[in-house]
Amino acid sequence: MIGLAYAMSGEIQSILDSTGAKLLETVCGTPVYEIGPGLLAYAGGVGKVNAAMSAQLFIDRYHPDWIVNAGVAGSFLDLPIGTIVLADCFVQHDVDTTPMGDPIGLVSTVNRIDFPTSEVEKASAVLKELGVEFRTGKVATGEVFMTKGGRADWVAKTFAPTLCEMEGGAIAQVCLRNGVNFTALKSVSDRLCRADNASEFFNYGEAMKKLNDIVLPFARALER
């Protein structure tokens, strides 16, 4: 079974409209939808704590084989708006226990900085079979809605990620500890490297519809 992990209910709307999905339940504020046979979706909330809580809740109740995180993200590279990025690993840029002698970004208990996604070659092959143009890259997660400035520059220099967002790294950590396969598809919503970014127009609803048109067949193909 595949679970699609989103931050907000509105991000799933195009899937709900196109598939006639039904709400199974809402648990601790997390709505869970049945999209089709062996395919569920949930909206876990914004930020790492919400993402981790809802991922563990979903795993405990539905025992998925895979969780696929879908959403938008800011790019540290000069990628066109709407570029699809398949995450190959996550880091958490807001974790800092360096006063204890740890390297920056080390997550205690699991004692690692990078959280790789599952079967990147297989996921890449699925996207190619679907005719999707994409690139792979590292994603940095943190409890910050990133904008241009000193913090963004520091994250780019320290971790060299392709993208930055607020949930994926937490879901990756939960999946790792539970032994559940995890991957993520992101659509570029803004470019943190561009001085003229304020003039760019990003149609959030259209971007999520485009991404979801890819996510559905991608998820269905993962268990082949």
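Source: prediction; values computed, not measured.
Residues passing the side-chain contact (heavy atoms from CB on, under 4.5 Å) test with Leu23 are Thr26, Pro31, Tyr33, sequence neighbours excluded. The side-chain contact (heavy atoms from CB on, under 4.5 Å) search around Lys22 returns Leu24, Glu34, not counting sequence neighbours. In this structure Arg61 satisfies the side chain to side chain donor-acceptor pair (under 3.5 Å) test together with Glu25, sequence neighbours excluded. Residues that satisfy the side-chain contact (heavy atoms from CB on, under 4.5 Å) test with Met8, not counting sequence neighbours, are Glu11, Val46, Tyr204. Not counting sequence neighbours, the partners of Gln56 by the side chain to side chain donor-acceptor pair (under 3.5 Å) test are Asp60, Asn178. Thr162 meets the side chain to side chain donor-acceptor pair (under 3.5 Å) test with no other residue; sequence neighbours excluded. Residues satisfying the side chain to side chain donor-acceptor pair (under 3.5 Å) criterion with Lys138, sequence neighbours excluded, are absent altogether. Applying the side-chain contact (heavy atoms from CB on, under 4.5 Å) criterion to Ala172, with sequence neighbours excluded, gives Phe90, Phe115, Phe182.
Within a 6.0 Å sphere centred on CZ of Phe145, other residues, nucleotides and ligands contribute 12 heavy atoms or fewer.
Note on Val174: it clusters hydrophobically with Met1, by side-chain heavy-atom contacts below 4.5 Å among ILVMFWY residues. Taken together through direct or relayed side-chain contacts under 4.5 Å among Ile, Leu, Val, Met, Phe, Trp and Tyr, Phe58 and Val27 form parts of separate hydrophobic clusters. Hydrophobic clustering keeps Val180 apart from Leu57 (ILVMFWY residues linked when any side-chain heavy atoms are closer than 4.5 Å, directly or through intermediates).
Expressed to the nearest 0.5 Å, how far OG1 of Thr30 lies from CE of Met53 amounts to 4.0 Å. To the nearest 0.5 Å, the span separating CD on Gln13 from CD1 on Ile15 amounts to 10.0 Å. The distance from the CG atom of Leu211 to the CG atom of Leu216 is 10.0 Å, given to the nearest 0.5 Å. Here the straight-line distance linking atom CD of Glu121 with atom CG of Asp88 works out to 11.5 Å at 0.5 Å rounding.
Put simply, the side chain of Arg191 reaches to within 4.5 Å of the side chain of Asp78, judged on heavy atoms. Put simply, the side chain of Asp190 does not reach to within 4.5 Å of the side chain of Met146, judged on heavy atoms. The closest side-chain heavy-atom distance from Ile104 to Phe159 is below 4.5 Å. For the pair Ile214 and Phe134, the minimum side-chain heavy-atom distance is 4.5 Å or more. Taking the side chain as every heavy atom from C-beta outward, Ile12 and Leu4 never approach each other to under 4.5 Å. At least one side-chain heavy atom of Pro64 sits less than 4.5 Å from a side-chain heavy atom of Ile59. Put simply, the side chain of Thr83 does not reach to within 4.5 Å of the side chain of Ser75, judged on heavy atoms. Considering only heavy atoms from C-beta on, Val85 comes within 4.5 Å of Leu79 through its side chain.
Identified under the side-chain hydrogen bond (donor to acceptor under 3.5 Å, both in side chains) test for residues 91-105, with sequence neighbours left out: Lys48-Gln92, Lys48-Asp94, Gln92-Gln173, His93-Arg151, Asp96-Thr98, Thr97-Asp102. Evaluation of the salt bridge (charged side-chain N to carboxylate O under 4.0 Å, His left out) test over residues 159-187, restricted to residues two or more places apart or in two chains, returns Glu165-Lys186.
For Thr117 (side chain) and Ala87 (main-chain N/O), a donor-acceptor pair under 3.5 Å exists by modelled atom type. Looking only at distances, a side-chain donor or acceptor of Ser189 sits under 3.5 Å from a matching main-chain atom of Ala73. Although no hydrogens or angles enter the test, the distance criterion places no donor-acceptor pair under 3.5 Å between the side chain of Thr158 and the main chain of Val155.
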With a 3.5 Å cut-off and sequence neighbours excluded, list the donor-acceptor pairs that the side chains of residues 122-133 form with protein atoms.
from, atom 1, to, atom 2, distance (Å)
Lys122, NZ, Leu222, O, 2.4
Ser124, OG, Val120, O, 2.9

Indicate every side-chain donor-acceptor pair of residues 35-42 with a distance under 3.5 Å to a residue at least two apart or in another chain.
none

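When all heavy atoms of Ser187 and Gly82 are compared, the closest pair comes out as OG-CA, 3.6 Å. A pairwise comparison of heavy atoms in Cys164 and Phe76 identifies CB-CE1, 3.4 Å as the closest pair. Across every non-hydrogen atom of Ala43 and Ser9, the tightest pair is CB-N, 3.5 Å. Contact between Asn69 and Ala5 at its shortest, heavy atoms only, is ND2-O, 2.9 Å. Nearest heavy-atom pair across Ile171 and Ala51 is CG1-CB, 3.9 Å. Minimum heavy-atom separation, Trp66 to Ile2: CB-CD1, 3.3 Å.
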(Q) Set out, in order, the CA-CA distance, both residues' side-chain angles and the distance that settles side-chain contact (heavy atoms from CB on, under 4.5 Å) for Asp114 and Val91, then state yes or no. (A) CA-CA 5 Å; Asp114 292 336; Val91 296; 3.0 Å; yes
